[in-house]
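Let me begin by presenting the structure, written as structure tokens, before commenting on it.
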Amino acid sequence: MSSPTRVDYLALTEKIKGRSRTIIFIVVATFVSMFFFLFGWYVLKRKARKRHETILRENFGHESATLEQLQFDLAVIEAATNNFSEENKIGKGGFGEVYKGILLDGRQIAVKRLSRSSKQGVNEFKNEALLIAKLQHRNIVEFIGFCVDEREKMLIYEYVPNNSLDYFLFDSQRKKLLSWLERYNIIQGIARGIHYLHEHSRLKVIHRDLKPSNVLLDGNMIPKISDFGLARIVEINEDHASTNKIIGTYGYMSPEYAMLGQFSEKSDVFSFGVMVLEIIAGKKNLGSSESLHVAGGLLSYVWREWKHQTPLSILDPNIKEKISEIEVIKCIQIGLLSVQQDPDARPGMATIVSYLSTEFIELPTPQEPAFLFHNKMGPKSSADESCSSQSINDPTLFSINEMSITEFLPR
């Protein structure tokens, strides 16, 4: 076998050099391409981030930094809700439509999608996102995040499978599913949730629109207060505040708020008292065929039976199981104490929670509730108190949605 010649050696050397140059070229080209790709991705990401930050500032001002970690991309929510399909729609309200969704991590969510035609909803959206992000309690619906895009505004919550309290309470068939024990536990849970808002959250919050449709029920029928679009934060040492725009739902508003625009913790107590009596009776206070057609609605009826010393007659006849009569009467008494005409005569939520958690306790004697005050209410004449074309006294009015932006005050 002959040894390689010089020519063969040079040819081999050139071949190796050619391959090396090719490899170097490929590596350099790959590096340059990767560099430009990453640079372009960085630029696009930076632009998107700036756009998100701009949108956040436009919507939430100086509070935007505290909400940044809770922001979801629109594409994520579209994927979770199957592009907002009709099959995923689970509700509709003045704010917009609500969709069920599943995130990539398996969490089930409820997405409140703001209607693009809702001007008032924009204010509620800002108010609710800023406020509920700072609240955390077993009886407050869990806020997961929000989505703000040039075209969309959405609030994202935990999915609560059993709908709202009114879904059961005012339906002739579904109310049969609510036992007294469940109703009592719901009353206790709502009381604890309101107590948290008033005294134990980082903020002192007045909800201003407490009603059965704003109480959600989870898989274990645990109540969760929701819909904070109309809520107000007040100073810890404030006894009350006032507004020239009356908002809320007829039948649940306290007389001092409906007439004078004055609201306080005792305004929420009044709403709670109405709900307690509705839960016991299975009837709506005012504004539907389920309400009692007597002057003052349910409050008048309960007061009349209380005076006649027959309070148990108001109990929903759909409750068939054996009940604790002492427990029912105690709840009726708490309901009546909570709807006193004088706010100072109503107990605070801390007191109500103690009443409910103590088996044997002597409660104050209730006085005549505020239903007569409601009967004497006349239509609002001042244009700046409510821009609604419907009178606040219209019993068919479901909700008065005139919104004023909340001022967030340090506690």
Side-chain angles (χ1 to χ4, degrees), residues 70-118 120-122 124-125 127-129 131-133 135 137-149 151-178 182 186 189-190 193 207 209-231 249 275 279 284 288 290 398-399 401:
L70 297 173
Q71 188 172 16
F72 283 75
D73 287 331
L74 177 59
V76 172
I77 305 304
E78 287 177 332
T81 59
N82 192 20
N83 202 24
F84 304 106
S85 65
E86 283 295 315
E87 292 77 12
N88 285 54
K89 188 188 293 186
I90 56 175
K92 186 175 182 179
F95 180 96
E97 295 171 330
V98 183
Y99 296 84
K100 181 182 177 182
I102 303 177
L103 296 174
L104 291 175
D105 60 9
R107 281 183 295 173
Q108 292 188 325
I109 58 172
V111 181
K112 285 175 65 175
R113 188 185 191 190
L114 176 65
S115 170
R116 297 182 192 179
S117 61
S118 174
Q120 164 240 320
V122 173
E124 289 188 27
F125 170 84
N127 196 61
E128 188 157 357
L131 194 153
I132 198 169
L135 304 176
H137 187 270
R138 186 185 188 210
N139 298 114
I140 304 294
V141 67
E142 181 186 355
F143 182 64
I144 293 175
F146 66 96
C147 175
V148 180
D149 191 82
R151 298 176 290 114
E152 299 279 5
K153 288 181 174 64
M154 287 169 277
L155 296 169
I156 304 155
Y157 295 94
E158 64 172 320
Y159 174 67
V160 183
N162 276 328
N163 217 304
S164 55
L165 178 57
D166 66 321
Y167 178 79
F168 287 91
L169 206 54
F170 305 133
D171 181 88
S172 59
Q173 296 303 314
R174 286 189 286 265
K175 70 170 63 179
K176 297 176 183 178
L177 303 175
L178 282 179
E182 285 174 322
I186 287 168
I190 296 170
H207 190 283
D209 200 20
L210 290 167
K211 56 186 177 181
S213 61
N214 285 341
V215 175
L216 305 180
L217 300 171
D218 73 3
N220 297 313
M221 300 299 281
I222 294 171
K224 294 177 180 286
I225 298 169
S226 69
D227 205 336
F228 287 80
L230 307 183
T249 304
M275 281 197 292
I279 291 168
K284 188 171 265 200
S288 80
E290 281 292 315
F398 180 74
S399 183
N401 285 320

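Worth saying up front: this structure is predicted, and the values here are computed from it rather than measured.
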Could you check whether any side-chain heavy atom of [X] comes within less than 4.5 Å of a side-chain heavy atom of [Y], counting everything from C-beta outward?
X      : Y      : answer
Ile156 : Phe143 : no
Ile77  : Met154 : yes
Tyr99  : Asn82  : no
Leu177 : Phe168 : yes
Ile109 : Ile102 : no
Glu152 : Leu114 : no
Arg174 : Tyr167 : yes
Cys147 : Gln71  : no

About how many Å separate [atom2] of [Y] and [atom1] of [X], when rounded to the nearest 0.5 Å?
X      : Y      : atom1 : atom2 : result
Leu155 : Leu70  : CG    : CG    : 11.0 Å
Asn220 : Glu182 : CG    : CD    : 10.0 Å
Arg113 : Glu97  : CZ    : CD    : 7.0 Å
Leu217 : Leu178 : CG    : CG    : 7.5 Å
Ser226 : Ile140 : OG    : CD1   : 9.0 Å

Quick check: closest heavy atoms across [X] and [Y], and the distance to 0.1 Å?
X      : Y      : answer
Pro223 : Ile190 : CG-N, 3.8 Å
Pro212 : Ser164 : O-CB, 3.9 Å
Leu131 : Ala231 : CD1-CB, 3.8 Å

Check side-chain contact (heavy atoms from CB on, under 4.5 Å) between Val160 and all other residues, then give those that pass, not counting sequence neighbours. Val141, Glu158, Leu216, Asp218, Lys224
I would like to know whether Leu210 and Met275 meet side-chain contact (heavy atoms from CB on, under 4.5 Å); could you show each step before the answer? CA-CA 8 Å; Leu210 290 167; Met275 281 197 292; 4.0 Å; yes
Checking Asp227 against Lys112 for the side-chain contact (heavy atoms from CB on, under 4.5 Å) test, could you report, in this order, the C-alpha distance in whole Å, the side-chain angles of both residues, the deciding distance, and whether it holds? CA-CA 10 Å; Asp227 205 336; Lys112 285 175 65 175; 4.0 Å; yes
Look only at the side chain of [X] and the backbone of [Y], and say whether a donor-acceptor pair between them is shorter than 3.5 Å.
X      : Y      : value
Asn127 : Phe228 : yes
Asn83  : Ser85  : no
His207 : Ile225 : no
Asp209 : Leu230 : no
Asp105 : Arg107 : yes

Run the side-chain hydrogen bond (donor to acceptor under 3.5 Å, both in side chains) test against Tyr157 and tell me which residues pass, sequence neighbours left out. Glu128
Got a sec, which pairs hit salt bridge (charged side-chain N to carboxylate O under 4.0 Å, His left out) with one end in residues 138-148, sequence neighbours left out? none
I would like to know whether Val98 and Lys92 meet side-chain contact (heavy atoms from CB on, under 4.5 Å); could you show each step before the answer? CA-CA 6 Å; Val98 183; Lys92 186 175 182 179; over 6 Å; no
Single hit among Leu169, Asn139, Leu165 for side chain to side chain contact (heavy atoms under 4.5 Å, CB included) with Ile186: Leu165
